[in-house]
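Everything below concerns the one structure shown next.
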Number of protein chains: 2
Amino acid sequence: MNRTATPRPTTRSAIRPGVRIDAKSSGKPDEASDHGTRDRLLDAAGEVFADRGYEQATIREICRRAEANIAAVSYHFGDKRTLYIEVIAYAHRCADEYDPSQEAVSDATPPADRLRHFILTFMQRIGLKGRPAWHARLMAREMASPGAALDHVVRSGVRPKFEALQIILRRLNPRLGERQVELCACSIVGQCLIYYHARPVLSRLFPNLRLDAREIGQIADHITRFSLDAVALAHLRGDDRP
Amino acid sequence: MNRTATPRPTTRSAIRPGVRIDAKSSGKPDEASDHGTRDRLLDAAGEVFADRGYEQATIREICRRAEANIAAVSYHFGDKRTLYIEVIAYAHRCADEYDPSQEAVSDATPPADRLRHFILTFMQRIGLKGRPAWHARLMAREMASPGAALDHVVRSGVRPKFEALQIILRRLNPRLGERQVELCACSIVGQCLIYYHARPVLSRLFPNLRLDAREIGQIADHITRFSLDAVALAHLRGDDRP
DNA sequence: TGCCCTATCAAACACGTGTTTCAATCGCCT
DNA sequence: AGGCGATTGAAACACGTGTTTGATAGGGCA
């Protein structure tokens, strides 16, 4: 698409990009349940995109991790950009199905516990780097540097989370103005995100920062109490209207 | 340095990298006060590095903005990496000399006001994008993706700021444990940084977010009060020991 | 003036990237 | 078995990158 307007149609060249859809709806079961190279590519691309970023991630490394040929991504997805968008969608599917954050916490649990749960799962998803939790890392990466699929990520990924957090905040302190709810939500998310965005700096600043599961739990507790105290007193402050 | 072990010394090739130092200490006044191409390169590189990132910034764009030839950076700095390190150092010099944050606030001002001042100047440096304040943006960028000069940035850039913040926090609430001071400092900085790191997402989430000078002031006020409330009550919480 | 050192320029080079090509292989159906 | 489409493989292509090269001016000094 960046070339000289695709000089040669060559009959195959025009069919290739659509092959993915045809192949999906014809031969294999129906969903992305087979462990073919297409799925291995999705997984590998997710990892590489997550910790290298879109521009820095190379198709060659993705294919190497997926044990696939260089041409595989062109064949199965047609494009690096399309692969990226598909990876984002895949990450969304994975995150939504194995995330018990909405189901585990009923509507009757006190808002303080819901806030604690929100922050803890958020931190766990972002912080732990060993496990294949590149989903959240990908989102965070996409947030920092707007890539191809930012709008999609925002609409179906972060906006629901953000609104869930705002609901919790309103229940925590019903006297909060709308603007204050937004600002408090930003404050909470910001406290969590710094441990991802500034991790290299923090580990140099505090050499005994390990960010393992136990420490993440402690940090999440700190953020929770820090925010609970602040939110509880927020209604005493000015309206913060823009 | 990445090539095939520099095949030809060519007498000039061995002298070139050192030329900068010689030229500096011989002909021109003494400091970086002349407006030669070397300084224009530093300024242009600062801007480009700040909003493109190290890897994405291209030497060609830097030279185009500086109205210099492609070979200029190789001649004056020898390397893209060296140029980057030099830009970081230049940013440090600029920031330290025109920053009145330490001088304007005396040691007698109440810690709450010092915190407000800290947060406001921090936000102003990072947020306002129009003016040539690429210094702080460069630091924030470097924090997110560890480039060549992270250690230098941390040692002489962020660590002093962080310790100043921790001193403020200790005075705000002397009953805070050391670990709590660190965590609170992270919380405060995180609240500020999200408006830089996640700006594309936030402006999609809140379309009427303009982040101009007035709004940055309001946000800084919110963060200040949010954190003041939380820090005031922090000593009531657990020790948060790792 | 003649010379040497410094700085700039256009062109090229070496290399990594995303993408394409075309042949070879696999898997299934009749 | 034979045929055929889907898939894989190795090599190549087009392009942008950082860097180097050799030539060409400036500019002070003997």
Side-chain angles (χ1 to χ4, degrees), chain A residues 1-28 34 36-41 45 48 52 54-64 66-84 148, chain B residues 1-28 34-41 45 48 52-64 66-84 148:
Chain A
M1 195 170 287
N2 200 356
R3 200 58 46 75
T4 59
T6 59
R8 276 158 268 84
T10 321
T11 76
R12 281 254 292 291
S13 165
I15 295 178
R16 280 275 191 75
V19 138
R20 178 185 53 79
I21 308 174
D22 303 348
K24 223 57 197 173
S25 62
S26 68
K28 299 310 170 64
D34 63 334
T37 61
R38 195 188 127 93
D39 296 318
R40 284 196 322 248
L41 277 175
V48 177
R52 295 268 196 284
Y54 176 76
E55 310 277 2
Q56 279 303 325
T58 77
I59 286 189
R60 280 170 171 83
E61 178 176 2
I62 292 173
C63 292
R64 200 177 337 118
E67 300 185 56
N69 192 281
I70 310 288
V73 33
S74 171
Y75 176 77
H76 283 280
F77 301 91
D79 217 342
K80 180 186 181 183
R81 182 190 170 92
T82 314
L83 167 63
Y84 183 67
Chain B
M1 194 172 287
N2 201 356
R3 201 57 45 76
T4 59
T6 60
R8 275 158 269 84
T10 322
T11 75
R12 281 250 294 292
S13 166
I15 294 177
R16 279 274 193 75
V19 139
R20 177 185 53 80
I21 309 176
D22 302 348
K24 222 57 195 174
S25 62
S26 68
K28 299 309 172 64
D34 63 335
H35 234 271
T37 60
R38 194 188 127 93
D39 296 319
R40 284 198 322 252
L41 278 176
V48 177
R52 294 268 197 285
Y54 176 76
E55 310 278 2
Q56 280 302 327
T58 77
I59 286 190
R60 280 172 172 83
E61 178 177 3
I62 292 174
C63 291
R64 201 178 335 119
E67 300 184 57
N69 192 283
I70 310 287
V73 33
S74 170
Y75 176 77
H76 284 281
F77 300 92
D79 218 342
K80 180 186 182 183
R81 182 191 170 91
T82 314
L83 166 63
Y84 183 67

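Please read these numbers as outputs of a predicted model, since none were measured by experiment.
- Between the CD atom of B:Q56 and the P atom of C:dT17 there is a distance of 13 Å, given to the nearest Å.
- Under the side chain to side chain contact (heavy atoms under 4.5 Å, CB included) criterion, A:A72 pairs with A:L41, A:A68, A:H76, sequence neighbours left out.
- A:N69 CG to A:R60 CZ: the interatomic distance, rounded to the nearest 0.5 Å, is 10.0 Å.
- In terms of phosphate contacts, A:S74 brings no side-chain nitrogen or oxygen within less than 4.0 Å of OP1 or OP2 of C:dT19.
- Atom pair B:K80:NZ and C:dC15:P shows a separation of 18 Å (rounding to whole Å applied).
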Between protein and nucleotides 10-12 of chain C, what N or O pairs are separated by less than 3.5 Å?
{"residue": "C:dA10", "atom": "N7", "partner": "B:N69", "partner atom": "OD1", "Å": "3.4"}
{"residue": "C:dA10", "atom": "N7", "partner": "B:N69", "partner atom": "ND2", "Å": "3.4"}

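- Applying the side chain to side chain donor-acceptor pair (under 3.5 Å) criterion to A:E61, with sequence neighbours excluded, gives A:R52, A:R65.
- Here the P atom of nucleotide D:dG16 and the CD atom of B:E55 are 19 Å apart, to the nearest Å.
- Within the 4.5 Å cutoff, no side-chain heavy atoms of B:E55 are placed close to those of A:E55.
- Here B:T37 reaches the OP1 or OP2 of C:dT8: one of its side-chain N or O atoms lies under 4.0 Å away.
- One atom, CZ of B:R81, and another, P of D:dT17, lie 21 Å apart when rounded to the nearest Å.
- When each of B:A68 and A:V73 is assigned the nucleotide of DNA chain C with its nearest heavy atom, B:A68 is the one assigned upstream, toward the 5' end.
- With sequence neighbours excluded, the residues satisfying side chain to side chain contact (heavy atoms under 4.5 Å, CB included) with B:I59 are B:C63, B:V73, B:K80.
- Straight-line distance from the CZ atom of B:F77 to the C1' atom of C:dT8: 15 Å, rounded to whole Å.
- The side chain of B:Y75 has C:dT6 as its nearest neighbour among D:dA6, C:dT6, C:dT19.
- The CZ-P distance, from B:R40 to C:dA7, rounds to 13 Å in whole Å.
- Taking 4.0 angstrom as the limit, B:H76 places none of its side-chain polar atoms (N or O) nearer than this to OP1 or OP2 of C:dT6.
- Distance CZ (A:R52) to C1' (C:dT17): 15 Å, rounded to an integer number of Å.
- The distance from the CG atom of B:L83 to the CZ atom of B:R38 is 9.0 Å, given to the nearest 0.5 Å.
- Between the CG atom of A:L41 and the P atom of C:dT19 there is a distance of 13 Å, given to the nearest Å.
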